[in-house]
Amino acid sequence: MSRQTKPMVWSLAGLDNSGLAGQLADVKTIQALGAHACSVTTAITAQNSQRVVAINPSTTEQLESQLEALRELGEPNAIKVGLLPSINCLELLIDFLEQAEKSIPLVFDPVIETSSGTQLMPDEVIEQLYKLLPLVTVITPNIDELARLTGQDTKSIEDIESQAKTLIDWGVGSVLVKGGHWPSERASDFFINRNNKFWLHSDRKETDNSRGTGCVLSSAIATSLALNYSIEDAVVIGKMALNQGLRHSYPVREQKGPLSVKSWPIDEQDMPQLTKQYSLSEYYFPSLEKQILGLYPVVDSAEWLERLLPLGITTIQLRVKDLKGDSLESEIQKAVAISRQYNARLFINDHWQLAIKYQAYGVHLGQEDLDDADLAAISQAGLYLGVSTHCFYEVARAHAIKPSYLACGPVYHTDSKQMPWIPHGIENLNYWKNLMQSYPWVAIGGINTDRIADVASTGVSGIAMISAITKAHNPEQTATNMMQLIEQHRPRV
Ligand SMILES: Cc1ncc(COP(=O)(O)OP(=O)(O)O)c(N)n1
Ligand SMILES: Cc1ncsc1CCOP(=O)(O)O
Ligand SMILES: [Mg+2]
């Protein structure tokens with residue numbers, strides 16, 4: 001008997017008996033992403049791809065008994081809320097959430113109308129929604145629903161941003177405005193909460209079979225929250241599930257059919273591009289193509305380059321945290337000169353202006369560095385770019401920049417830098433590398449002689465480290481051993 005426990009996600013939504021949208025779409029998505037789905041059916045809607053035949057809201061007794069039965073199973077790890085067809089249903093949900101022992105992540109897809117134009121949520125419920133909003137972790141309106149909820153016209157990108165902010169002011173934790181119906185080249189969604197705001201862009205998928213997109217997106221977000229992902233990661237995973245679902249969508253009896261989510265995201269083509277402003281950048285960073293970065297020491301002085309480059313190391317990073325002004329500039333200038341002498345790829349950490357000034361090979365930037373760096377200037381100067389990533393949100397952000405490599409860390413525990421991240425381990429390193437296959441990957445964090453064979457076996461392009469070399473008893477000997485181990489263990493293609 002398997003003892004594996006799965007998180008539990010409730011779909012509190014309307015049943016669409018044609019299986020195109022609503023609760024059946026939710027349940028299929030939740031299960032495909034690895035959680036256990038439970039249902040509280042708020043209405044039985046009789047529909048097919050052409051029309052809505054009837055909407056039969058569940059009675060108070062039916063709702064209460066479903067909640068009672070599920071409550072005895074234990075509180076859910078997340079709830080996806082869809083159609084709320086009556087005031088009773090809204091009030092029972094609010095009571096349940098207020099009486100819950102802990103705060104339950106709640107994703108609200110405010111389905112007001114079907115895509116064919118039939119109103120599903122009565123006006124009296126829409127008017128009372130303000131009572132639910134402070135209990136909502138994330139709401140996922142489309143443009144029409146955003147306009148209806150805020151009572152304003154949504155005519156521009158600025159309107160989307162300011163109306164989403166209005167929902168935050170009314171107490172919602174986060175808002176994801178779906179841009180699927182917005183007349184733009186890409187399908188771009190806007191996210192905002194009190195700490196962050198960004199856009200998620202994906203190419204539009206040419207298909208008529210797009211029934212249930214909102215249900216798939218919201219239940220994928222709920223499942224990701226149940227699996228303990230942050231809200232930023234959860235919306236990226238949600239968009240990936242949606243894109244995957246669209247790729248596998250199918251017609252039903254030659255009529256418009258549903259999306260089909262098959263599994264946890266495993267394909268780079270489903271990864272959205274994440275930008276802080278609406279527009280996507282148009283600059284370009286050089287590709288490393290088939291070049292293998294190999295052993296990639298991260299050092300804090302030019303003197304280390306003098307010691308390590310004669311060993312045949314081809315990639316190195318200068319990461320200076322304690323110098324400023326002239327002494328910093330002269331260290332970078334010296335390091336660039338030595339790297340040229342050995343024809344090595346020198347990445348400068350953080351100090352992109354000086355990297356441009358002295359024409360280093362490349363720059364390595366973390367996510368915080370990206371906020372201030374002039375990426376257009378780095379690109380124009382022809383420098384290679386490496387970007388640190390730790391999670392879905394950061395990978396999506398890096399994907400919008402298309403750097404020369406992506407770094408994944410910490411792979412193991414590290415004492416060289418304080419970070420909020422749990423180490424990825426080899427399994428997650430493999431996941432990221434297999435997911436984003438068009439990029440060379442660099443592994444970093446806690447890598448040493450004992451662990452380097454496992455890391456090299458993943459096929460990453462570069463293996464970066466600080467302490468295993470700079471704190472070694474004999475750094476030159478250690479680096480030489482590690483280069484041999486990489487050579488022995490890296491997969492041959
Ligand atoms: C190869 C490589 N990967 C990750 C980092 C970390 O960069 P960053 O997140 O900017 O943190 P600091 O190094 O600036 O502390 C790196 N330097 N190199
Ligand atoms: C800068 C950095 N970024 C992710 S892990 C790390 C530190 C790597 O140092 P070490 O190789 O000593 O663990
Ligand atoms: Mg940095």
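In listed order, ligands and their atoms are each counted from 1.
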| Quick one: which of Thr414, Ile466, Val455 gives a side-chain contact (heavy atoms from CB on, under 4.5 Å) with Ile447? | Val455
| Residue of the set Val460, Asn434, Asp454 for which side-chain contact (heavy atoms from CB on, under 4.5 Å) holds with Leu429 |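 That would be Val460; it is the only one of Val460, Asn434, Asp454 passing the side-chain contact (heavy atoms from CB on, under 4.5 Å) with Leu429.
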Interfacing atoms of ligand 1 (cut-off 4.0 Å, heavy-atom, [X]):
{"X": "Asp369", "value": "10 (O)"}
{"X": "Ile444", "value": "2 (C), 3 (N), 4 (C), 18 (N)"}
{"X": "Tyr405", "value": "1 (C)"}
{"X": "Asp350", "value": "10 (O), 14 (O)"}
{"X": "Ala407", "value": "3 (N)"}
{"X": "Val442", "value": "1 (C)"}

| Which atoms of the protein, restricted to N, O or S, are nearer than 2.8 Å to the Mg ion (ligand 3)? |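 As for protein N, O or S atoms lying under 2.8 Å from the Mg ion (ligand 3), they are Asp350 OD1, Asp369 OD2.
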| message | Counting only nitrogen or oxygen atoms and a 3.5 angstrom limit, does Lys417 reach ligand 1? | response | yes
| field | Tyr296 N/O to ligand 1 N/O under 3.5 Å | value | no
| task | Would you mind finding which of Ser388, Gly366, Pro297 brings a heavy atom closest to atom 7 (O) of ligand 1? | result |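 Minimum heavy-atom distance to atom 7 (O) of ligand 1 goes to Ser388.
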| request: Have a look at Gln317, Met419, Arg319, His364 and point out the one with the heavy atom closest to atom 3 (N) of ligand 1. | output: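 Shortest heavy-atom distance from atom 3 (N) of ligand 1: His364.
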| Pair Tyr384 + Phe285: ring centers closer than 6.0 Å |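 Centroid separation for Tyr384 and Phe285: 6.0 Å or greater.
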| Centroid-to-centroid, Trp182 to Tyr278, below 6.0 Å? |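 Centroid separation for Trp182 and Tyr278: 6.0 Å or greater.
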| For Asn243, all residues meeting side chain to side chain donor-acceptor pair (under 3.5 Å), sequence neighbours excluded | Ser202
| Mind checking what makes side chain to side chain donor-acceptor pair (under 3.5 Å) contact with Asp233, not counting sequence neighbours? | none
| query | So, Asn349 side chain and Leu318 main chain: donor-acceptor pair closer than 3.5 Å or not? | reply |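 Checked: no pair found.
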| field | Glu476 side chain to Leu311 backbone, donor-acceptor under 3.5 Å | value | no
Do [X] and [Y] have side-chain heavy atoms sitting under 4.5 Å apart?
{"X": "Leu365", "Y": "Phe347", "value": "no"}
{"X": "Lys402", "Y": "Leu385", "value": "no"}
{"X": "Leu200", "Y": "Val235", "value": "yes"}

| message | Evaluate Tyr393 against Phe191 for ring-ring contact (aromatic ring centres under 6.0 Å, His included), listing each step before the verdict. | response | CA-CA 12 Å; Tyr393 166 83; Phe191 175 91; 8.4 Å; no
| field | Spacing of Met483 atom CE and Leu308 atom CG [to the nearest 0.5 Å] | value |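 Reported value, rounded in 0.5 Å steps: 8.5 Å.
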| field | Atom pair CZ (Arg490) and OG (Ser461), whose distance is rounded to the nearest 0.5 Å | value |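 Spacing of CZ (Arg490) from OG (Ser461) equals 9.5 Å.
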| Per-residue contact class, Trp441 against ligand 1 - non-hydrogen pairs under 4.0 Å |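 Neither; nothing of Trp441 gets under 4.0 Å from ligand 1.
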| If you measure only the distance, is there a donor-acceptor pair under 3.5 Å linking the side chains of Gln380 and Tyr283? | no
Check ligand 2 for close polar pairs with the protein: N or O on both sides, less than 3.5 Å.
| residue | atom | partner | partner atom | Å |
| --- | --- | --- | --- | --- |
| ligand 2 | 9 (O) | Ser416 | OG | 3.4 |
| ligand 2 | 11 (O) | Ile466 | N | 2.8 |
| ligand 2 | 12 (O) | Ser416 | OG | 2.4 |
| ligand 2 | 12 (O) | Ser467 | N | 2.9 |
| ligand 2 | 12 (O) | Ser467 | OG | 2.6 |
| ligand 2 | 13 (O) | Thr414 | OG1 | 2.6 |
| ligand 2 | 13 (O) | Gly446 | N | 2.7 |

| message | Taking only non-hydrogen atoms of Lys321, do any sit less than 4.0 angstrom from ligand 1? | response |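 Judged by the 4.0 Å heavy-atom criterion, Lys321 does count as contacting ligand 1.
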